[in-house]
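This report refers to the structure that appears directly beneath it.
Bear in mind that the values here come from a model prediction, so they are computed numbers and not experimental data. Letters A, B, ... are given to chains in the order of the sequence lines, protein chains preceding strands, and every chain is numbered from 1.
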Protein chains: 2
Amino acid sequence: MIPYCSICWDVDKVKLLDQRRLPAEELYLEITDYHEVIEAIRTLAIRGAPAIGVAAAMGAALGALDLDTQNPGEFLSRFEKICAEIAQARPTAVNLFWALDRMQRLAQAQAGEPVAAIKARLVAEAQTMLKEDDTTNRRMAQAGQVLIHDGQRVLTHCNTGALATGAYGTALGVLRAAWEGGKRFSVWVDETRPLLQGARLTTWELGKLGIPYTLIPDGAAATLMHQGKVDLVILGADRIAANGDTANKIGTYSVAVLAHHHGIPFYVTAPLSTFDFSIPNGDHIPVEERDAEEVTHLWGQAVAPAGAPALNLAFDVTPNNLIAGIVTEKGIMEPPFSSSLKPYRPTQE
Amino acid sequence: MIPYCSICWDVDKVKLLDQRRLPAEELYLEITDYHEVIEAIRTLAIRGAPAIGVAAAMGAALGALDLDTQNPGEFLSRFEKICAEIAQARPTAVNLFWALDRMQRLAQAQAGEPVAAIKARLVAEAQTMLKEDDTTNRRMAQAGQVLIHDGQRVLTHCNTGALATGAYGTALGVLRAAWEGGKRFSVWVDETRPLLQGARLTTWELGKLGIPYTLIPDGAAATLMHQGKVDLVILGADRIAANGDTANKIGTYSVAVLAHHHGIPFYVTAPLSTFDFSIPNGDHIPVEERDAEEVTHLWGQAVAPAGAPALNLAFDVTPNNLIAGIVTEKGIMEPPFSSSLKPYRPTQE
């Protein structure tokens, strides 16, 4: 019914929808070399924390397949290096590290097996992670759809649909589940500068889902809130600290402050794999600074004078006190998040 | 020293820097037909409330020159129609109506004179208005520069420099006067979607003035404020109601709320010609809604799926309670603005 997927495994290669070309063109990359997966993550051919996690796992599986040793010890040590290399692709989304960690732990647990068997397990695991992401997203969507009511005008930022995940979507998954459950509402889509994930991707996905939306410049959200035309904000996350502080696409913190000022509930949607319980709060989240050219140019064309200095922070951090709730596959976590999240903290090993 | 001007009168024509082509190209349009002035205002070849006022006056003068009657009564009636036509160019900036009103009152006051004399007076008046705008801006700049201190990081939105005025600038004029007075500071430039007046024009002007700046996406202002990297916000206005409520470029209200949340002073700079004392508050300011294509396309290239619905409000209204002060040619007005502005309300005629 949704005739596209962000990423999938196809026999011995990764197929990946090149999101840099959307909405103009629907082009699938076919990748057999893990270096190309790194490049795809770095250049945002694939983006969105859960999708990055799946891509990293599949990239690791590709890397494993390419290793030409039959010695398990050597295999594991070279596999570890590949994972470390993939981990450098982007710094903020924790799903990247979570996925690679899981792949490495699996490999190590198979240390006694022949290399071919370890490889097969890794390939299977990457595919399992994609399936799990789908299941997790659908659970989140079911948990979150109670927030959506008929007639609401919902605002979202960046892209959190099937494109940003293995399948279905996080915040957009919540809207999709509500829509499929018969609720009727409309969506304000922040265009999300500089890379316009809202304008290019969220509109494209909402269009395919048949959910009515209106695209707006990021600067217009405030006045719509003031006019009483925004009932709820829901969006995704790239990393959430143990206290609920949330890193997400640049502009998210702005929306959070504006929602707070106007008394509008602000919800985050993210799987538990996006939580980083190792850090107490958002101050510890590394925020990626990307090339200034993403701000000064659009598709190669300058929008500013040559050499204009620009700052391109890819993410910002929203403090927990601005967040009404975090939708996860285990239900909607409410403040104080340190308490509500406690049962889901990984136990000390 | 600033080798450009937004608009000037040249013997029998209007020369106008085509701001749609900046920063790529510095092209001056030469206009003899007032319809082209209307088109230039409508398509933003010239924009910024004070510049629109001057352009409207010069357009009216061009229209007057073209009238082929020697009958003062017929001349005045046809001139009135021309002014009414120019008044349709854009709805929000009150300087447009203020300038046309002034031209019409002048024409009517000359009703007993030969048509040639009235025409000459109108042409002279349009040029006077440009000179007055320069003088007014320099007075504003002097009044406002006390707000700027060494080491400050100042945030501005849209463009308020010499390009947005007859000369010198409003909010950017304040920064220019401070800089020329030896103060050293830096500027965060909101790119100002959808039409990128910050990215295209403010950067260009600050570059020419030698004032250091950094361009940011509009959504990044909040996180810079949170990090303590914004000391002051200063920007312009398109229409200010009697109570100080201020219409300005879309995204301004967003910046105002964010500044308020972070305890950062938020200043507006505008000449008295931008005040509309006929309306008690901002609810009465008509906000122009422009073509959705300005959001969905950039220089003819789509950034959203074909047919994507978009809302393109050109302005928003910032309530007076978020404004620390309004810099005018009569000094800095402080809240409550109804009181501080009282001496400058036009007397009932």
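The residue among A:L313, A:L258, A:I216 with the most heavy atom pairs within less than 4.5 Å of chain B is A:L258. Chosen from A:P305, A:A221, A:G198, the residue pairing most often with chain B at heavy-atom distances under 4.5 Å is A:P305. With chain B as the partner, the residue from A:G251, A:A310, A:P212 showing the most heavy-atom pairs under 4.5 Å is A:A310. Counting heavy-atom pairs closer than 4.5 Å to chain A, the top-ranked of the candidates B:D190, B:V257, B:D316 is B:V257. The greatest number of non-hydrogen atom pairs below 4.5 Å with chain A, out of B:A292, B:A306, B:A304, is found for B:A304. The greatest number of non-hydrogen atom pairs below 4.5 Å with chain B, out of A:P309, A:G219, A:A222, is found for A:P309.
In this structure, chain A has a heavy atom under 4.5 Å from the side chain of B:P23, while its backbone stays farther away. With a 4.5 angstrom heavy-atom cutoff, B:L224 touches chain A only via side-chain atoms. With a 4.5 Å cut-off on non-hydrogen atoms, B:L298 touches chain A through its side chain but not through its backbone. The contact between B:A302 and chain A is made entirely by backbone atoms, counting heavy-atom distances below 4.5 Å. For chain A, no part of B:H157 is nearby; none of its heavy atoms comes within less than 4.5 Å.
Considering only heavy atoms from C-beta on, A:I250 comes within 4.5 Å of B:T223 through its side chain. Looking at A:V295 and B:E191, their side chains come closer than 4.5 Å, going by heavy atoms from C-beta outward. Annotation: side chain of A:L311 is not in contact with side chain of B:L215 (no heavy-atom distance under 4.5 Å).
Applying the 6.0 Å contact sphere to NZ of A:K183 captures more than 12 heavy atoms from other residues, nucleotides or ligands.
Of the inter-residue distances, the one linking B:H261 atom NE2 with A:Y253 atom OH reads 4.0 Å to the nearest 0.5 angstrom. If you take NE2 on B:H226 and OG on A:S254, they are separated by 13.0 Å, rounding to the nearest 0.5 Å.
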